[in-house]
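What follows is one structure encoded as structure tokens, with my remarks underneath.
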Amino acid sequence: MRWSQTLIPTLKETPAEAEIASHKLLLRAGLVRKLTGGLYTFLPLGLRALRKVEQIVREEMNRAGALELLMPALQPPDIWQQSGRYESAKDVLFKVRDRAKKEWVLGPTHEEVITTLVAGEINSYRQMPKNFYQIQTKFRDEIRPRFGLMRAKEFIMKDAYSFDATDEAAQVSYRKMYDAYARIFQRCGLKTIAVEADTGVMGGKFSHEFMVPAATGENEVAFCDACGYAANVEKATSAVQRSEVGGQRSEVEKFATPGVVTIEALSKAPYDVAAERQIKTLVYLAEGKPVLILLRGDHQLNEAKLTGALGTGNFRPAAAEEIFAALGAHPGSLGAVGITHLPVYADEVLRDAADMTTGANADGFHLRNVAIGRDIQAAHWADLRLVQAGEPCPKCGQPLKIQRAIEVGHVFKLGTKYSQALNALFLDEAGKQQPAIMGCYGIGVTRTLQAVIEQSHDDNGIIWPISVAPYTVCITPLNAAPESAVMQRAEQIYAELTARGVDVIIDDRSDRPGVKFKDSELVGFPIRVGIGEKSLAKGEVEIKPRAGALILVKAEETVAKVMELIQQG
RNA sequence: CGGGGCGUAGCGUAGCCUGGUAGCGCGCUUGUUUCGGGUACAAGAGGUCGUGAGUUCGAAUCUCACCGCCCCGACCA
């Protein structure tokens, strides 16, 4: 490609809309342009990089035995009603109407479609295992699009769906995808960690997320350097010790705490009750009914875990007046002592705890010497707390670390939720009808592209790995006059590299060297071949790896040296 | 949806408080110049000041509504 003939609208200044490095660079390097919030046009250069990511995904999916197909983005709502997600996923569903006023949905994902397909086409265990995938545009009515391609209303996803006859076979399918994902991200030059993840509204049994560590990530992962344990904080646990039983078992004592409505205030003079000796009482409305949630004072509620404990995601914190109606006190003075008319969910850490302090359900009063079991009857015990950095790893006891990360891939073992709802049944060896066991596997392709930039850039611009760079080599002649020796040499190298199948762009613009160098570094081509009059007079050409030191080679050895660098990756 | 911020030329912005000529830098066009790190000089083109209503002799500026964008939040009693 000739620079002068394509469109690479680089920007010297950062558009005001961009906040994080990768978003700024997407715009400054001329890869994408925003149409409106959450919707982007891929310009020629950005599209080339995107296609390379897609191709890596495609190759690895094919290698893993998955079959590519393409499903409609526009979908009938009735299959969403059958799966129950017309309701449960209604917040993200885009809906449109045709001229007959009939409603359609724009697919945020394709479990319903693929399961409908399989229900019709696969009837026997002999036809399995099968794994279908597509690379396609998804539509999600995101609550807040953010950070360019990171969270958009429309984005490109690779989604795959496996169908197996037995649990063991499904396990194998899951493992294949897990391994394929590791290879995909590695080939994209990304450092990822696979973490145990919550299954959320997708349903299903267990899952892993592939995370790119980044300060700008929207997720948090807890991990252990010592043993390799890693989990999304929504799922992570720790081996925090239960509060010790405490020596004495004095009677519960009510004491005045005027104006004290926070854990912190109670932990200070004159009360001096350490946060870990306090019981935090939260009131939620689950399916519209109040429930109490008890945590140690220094712990925080993990709502993903609460979803599991309650068996529903339909809950919210109660408002102050709702709390007063339920307990007769306001937030800050709440407790579960003597509560029998409301369900009580308590975090495991509190089991058997004694000598605790909690609210008295009377504004301005707390209770001390409270013992769980004696004074508080918790009907439900569960792991409900959010892990905190420094807590002991649940596997090996070493301190956990917590880091923000970008989720680029997610593998789920789904089970039979969709196959049952949409009748994807088959006959097993014994002639018995069974629902297929499903897995689903997603990669945010556009997000992966941005994650590469987020993880690989410097002050001058993007540093593309060769595998996903829009062009591998940028030839930079410092004199663009067609008849100049510099340009003729540049053309010759351009032709030879092109003949060898290298993706190469030649900067044939008649701009000054500084402009070309800056642009080439901003866009981040892995290898720049610089040809100037001075060095060429000595028979030399410069090769500058984007992330490495300048190499001077004899002009006639340029192509060989470039090929060598590409081989090395 | 709640809170905050911002909408002035393709991009970045000043002007707004205190109403009266829309200004600067980058980019773009033309010419000269320069020719290894976003050259220099000169001359230009380009603006419904987000939209609409109101106040006023007069609105980018004041008021109201709406639209759009960005950030934080939408759990932690």
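Only a predicted model underlies this, so the values are computations on that prediction, with no experimental measurement involved. Note: hydrogens, waters and symmetry copies are ignored here, and every other heavy atom, side chains too, is used. Below, read A as the first sequence line, B as the second, and so on, with proteins coming before strands; counting in each chain starts at 1.
On the P atoms, rU13(B) is 15 Å away from rC71(B), given to the nearest whole Å. Nucleotides rG7(B) and rG37(B) place their C1' atoms 35 Å apart, quoted to the nearest Å. rG27(B) and rC41(B) have their P atoms separated by 12 Å, given to the nearest Å. rA77(B) and rC67(B) are spaced 38 Å apart, taking the C1' atom of each and rounding to whole Å. The gap from the P atom of rG73(B) to that of rU63(B) amounts to 30 Å, rounded to the nearest Å. For the C1' atoms, the distance linking rA42(B) with rU51(B) amounts to 40 Å, nearest Å. The separation of rC16(B) from rC62(B), taken at their P atoms, amounts to 9 Å, rounded to a whole angstrom. Spacing of C1' atoms, rG12(B) relative to rC28(B), comes out at 15 Å, to the nearest Å.
With sequence neighbours left out, W464(A) forms a side-chain hydrogen bond (donor to acceptor under 3.5 Å, both in side chains) with no residue at all. Residues that satisfy the ring pair (Phe, Tyr, Trp, His ring centres under 6.0 Å) test with F315(A), not counting sequence neighbours, are Y284(A). Y494(A) pairs by the ring pair (Phe, Tyr, Trp, His ring centres under 6.0 Å) definition with nothing, not counting sequence neighbours. A search for side-chain contact (heavy atoms from CB on, under 4.5 Å) contacts involving A275(A) returns I263(A), D298(A), not counting sequence neighbours. With sequence neighbours excluded, no residue forms a side-chain hydrogen bond (donor to acceptor under 3.5 Å, both in side chains) with N302(A).
Of all the heavy atoms in D508(A) and A480(A), the pair that sits closest is O-CB, 3.6 Å.
Taking atom CG of residue D507(A) and atom C1' of nucleotide rG38(B), one finds them 13 Å apart after rounding to whole Å. Atom C1' of nucleotide rG37(B) and atom CZ of R546(A) are separated by 13 Å, given to the nearest angstrom. Atom CG of L522(A) is separated from atom P of rC11(B) by 17 Å (rounded to the nearest Å). If you take CG of L536(A) and P of rG36(B), they are 14 Å apart, rounded to a whole angstrom. The separation between L11(A) atom CG and rG12(B) atom P is 8 Å, rounded to whole Å. Whole-Å rounding puts the L478(A) CG to rG37(B) P distance at 9 Å. Distance F517(A) CZ to rG38(B) P: 10 Å, rounded to the nearest Å.
Screening residues 475-484 of chain A for salt bridge (Lys or Arg N to Asp or Glu O under 4.0 Å), with sequence neighbours left out, gives no hits. Counting only residues at least two apart or on different chains, the salt bridge (Lys or Arg N to Asp or Glu O under 4.0 Å) pairs with a member in residues 538-550 of chain A are D458(A)-R546(A). Applying the salt bridge (Lys or Arg N to Asp or Glu O under 4.0 Å) rule to pairs touching residues 362-389 of chain A yields E253(A)-R368(A), K305(A)-D383(A), D347(A)-R385(A), D383(A)-R385(A), sequence neighbours excluded. Residue pairs meeting the side-chain hydrogen bond (donor to acceptor under 3.5 Å, both in side chains) criterion with at least one member in residues 509-519 of chain A, sequence neighbours excluded: T10(A)-D519(A), D507(A)-R509(A), R509(A)-D519(A).
Both distances falling under 3.5 Å, in either a Watson-Crick or a G-U wobble arrangement, place rA40(B) opposite rU32(B). With both pairing distances under 3.5 Å, rC66(B) is matched to rG50(B) as a Watson-Crick or G-U wobble pair. Across all strands shown, rA59(B) remains unpaired; no Watson-Crick or G-U wobble contact has both distances below 3.5 Å. A 3.5 Å limit on both hydrogen-bonding distances identifies rG73(B) as the Watson-Crick or G-U partner of rC1(B). rG12(B) is paired with rC24(B) under the Watson-Crick or G-U wobble criterion, all donor-acceptor distances under 3.5 Å.
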Take K235(A) and E196(A) through the test salt bridge (Lys or Arg N to Asp or Glu O under 4.0 Å) and record every step on the way to the result. CA-CA 7 Å; K235(A) 167 92 176 179; E196(A) 294 176 20; 5.2 Å; no
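Test V562(A), V529(A), I527(A), I475(A) against V504(A) for side chain to side chain contact (heavy atoms under 4.5 Å, CB included) and you get one pass: I475(A).
R528(A) comes within 4.0 angstrom of a base, heavy atoms only. Residue R28(A) is in base contact, counting any heavy-atom pair closer than 4.0 Å across all strands shown.
Distances shorter than 4.0 Å separate none of the side-chain N or O atoms of R512(A) from OP1 or OP2 on rC35(B).
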Taking only nitrogen or oxygen atoms into account, show me every contact under 3.5 Å that the protein makes with nucleotides 43-51 of chain B, one pair per line with its distance.
none

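Taking 3.5 Å as the limit, the base of rG36(B) and the side chain of S535(A) contain a donor-acceptor pair of atoms between them.
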Annotated protein contacts, base or backbone, on nucleotides 68-77 of chain B with a non-hydrogen cut-off under 4.0 Å, one of B, S, - each: SSSBB-BBBB
Can you give one letter per nucleotide of nucleotides 26-31 of chain B, 5' to 3': B if a protein heavy atom sits under 4.0 Å from the base, S if only from the sugar-phosphate, - if neither? SS----
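For the residue pair Q488(A) and Q492(A), no side-chain donor N or O sits within less than 3.5 Å of a side-chain acceptor on the partner.
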